[in-house]
Amino acid sequence: MKFDIEKILEDVKNTLSEKRYIHSIGVMKQAEYLAKKYGQDVEIAKAVGIAHDIAKELTEEEKIKYVEENKIKIDEIEKINIGLLHAKIGADICKKKYNFTEEMQNAIKYHTTGNENMDTLAKIIFVADKTEENRKYDDLQTVQKLADEDLDKCILYILDYMLVDNVKKQKTIHPDSINIRNKILLENLKYKS
């Protein structure tokens with residue numbers, strides 16, 4: 001399956017701030033690298049990587065209006081944390097504008113919170129979003145190394161950090177993050193028995 005990466009790049013560049021555009025390029029590059037490593041379609045990974053944050057910089061009002069007008073189901077946590085809506089909105093935009101498949105849409109939907117139904121492409125985008133070269137945080141090299149070794153271990157590490165951080169800040173935690181974490185842990189226990 002081929003996608004017009006140049007067109008998506010142009011749209012993302014015209015939609016997002018320079019900082020967010022540079023991040024999106026970084027995610028595209030990291031998604032390409034991880035797709036090669038884990039045997040996924042590189043063109044698809046690049047297209048999803050560049051487009052994953054296409055709705056990130058909509059205002060809260062625009063996000064609310066978009067989900068209402070496009071009848072996108074949202075949960076209680078998303079009603080409180082409107083920033084999370086960019087993932088579902090981005091998936092919808094990419095479906096309508098670029099004819100992204102359901103698999104590609106899900107990778108965009110799940111890139112912020114994770115989801116227990118993540119396939120390899122969704123895991124790649126989730127990890128690429130947190131490990132791209134422009135990110136700046138203390139554990140970045142550790143997380144990048146884990147991304148090279150095992151996507152699930154990397155996701156667990158990222159989620160554990162996010163969960164602890166959200167607890168410290170007394171922020172809500174999306175159930176999808178808990179569910180994917182538990183699923184990975186249970187699968188690991190199954191393989192150890």
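Because only heavy atoms are used, hydrogens play no part in the values below, and waters and symmetry mates are left out as well, while side chains stay in. Keep in mind it's a predicted model, so treat the numbers as computed, not measured.
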Assigning hydrophobic clusters by single linkage (Ile, Leu, Val, Met, Phe, Trp, Tyr; side-chain heavy-atom cutoff under 4.5 Å), is L16 placed with L9? yes

Enumerate the salt bridge (charged side-chain N to carboxylate O under 4.0 Å, His left out) contacts for residues 97-121, please, sequence neighbours excluded, ordered by first and then second residue. D11-K97

Looking at every heavy atom in both V27 and G49, which two are closest together, and how far apart are they? CG1-O, 3.6 Å

Just how far is it from atom CG of L163 to atom CD1 of I173, taken to the nearest 0.5 Å? 5.0 Å

Salt bridge (charged side-chain N to carboxylate O under 4.0 Å, His left out) pairs, two or more places apart, involving residues 134-143: D129-R135

Could you tell me whether K96 and D92 have a side-chain N and a carboxylate O separated by less than 4.0 Å? yes

Of the non-hydrogen atoms in A128 and L34, which two are nearest, and what is the gap between them? N-CD1, 4.1 Å

Non-hydrogen atoms of Q40 and L121 that approach each other most closely: OE1-N, 4.1 Å

Heavy-atom donor-acceptor pair, K37 side chain to D148 backbone, under 3.5 Å: yes

Ignoring hydrogens, what is the shortest heavy-atom contact between G90 and I54? Give both atom names and the distance. CA-CG2, 3.8 Å

Could you work out, with side-chain contact (heavy atoms from CB on, under 4.5 Å) as the rule, every residue matching N134, not counting sequence neighbours? I22, E132

Applying a strict under-4.5 Å side-chain criterion to I, L, V, M, F, W and Y, I'd like to know whether L185 and V143 cluster together. yes

Rounding to 0.5 Å, atoms CD (Q105) and CD1 (I93) come to a distance of 11.5 Å

With a 3.5 Å cut-off and no angle check, do the side chains of S17 and E57 form a donor-acceptor pair? yes

Spacing of CG belonging to N179 relative to CG belonging to L159, to within rounding of 0.5 Å: 11.0 Å

Under a 4.0 Å N-O cut-off, is there an ion pair linking E61 with K65? no

Would you say the side chain of D176 lies within less than 4.5 Å of the side chain of I180, judging by non-hydrogen atoms? no

Are the side chains of E78 and I82 in touch, meaning some heavy atoms are under 4.5 Å apart? no

Salt-bridge test for K171 and D165: reply yes if a basic N is under 4.0 Å from a carboxylate O, no otherwise. no

So the ring pair (Phe, Tyr, Trp, His ring centres under 6.0 Å) pairs with at least one residue in residues 25-55 (sequence neighbours excluded) are H23-H52, H52-H111

When rounded to the nearest 0.5 Å, the distance separating CG of L84 from OG of S177 is 8.0 Å

One thing to verify: whether K36 and E32 come together as a salt bridge, which I'm taking to mean a side-chain N less than 4.0 angstrom from a carboxylate O. yes

Only pairs at least two apart or in different chains count here, so list each salt bridge (charged side-chain N to carboxylate O under 4.0 Å, His left out) that has a residue in residues 13-25. R20-D53

Once rounded to the nearest 0.5 Å, what's the spacing between atom NZ of K29 and atom NZ of K46? 11.0 Å

Show the numbers, then the answer: is there a salt bridge (Lys or Arg N to Asp or Glu O under 4.0 Å) between E149 and K153? CA-CA 8 Å; E149 294 170 10; K153 285 181 184 172; 5.9 Å; no

Specify the closest pair of heavy atoms between T113 and F126, including all atoms of both residues, with the distance to one decimal. C-CE1, 4.0 Å

Just so I know, are the side chains of Y98 and M104 near enough to count as touching, which here means a heavy-atom distance under 4.5 Å? no

Show every ring pair (Phe, Tyr, Trp, His ring centres under 6.0 Å) that has at least one partner inside residues 134-162, sequence neighbours left out. none

Scanning both residues in full, the closest heavy-atom pair of A147 with T131 reads CB-CG2, 4.4 Å

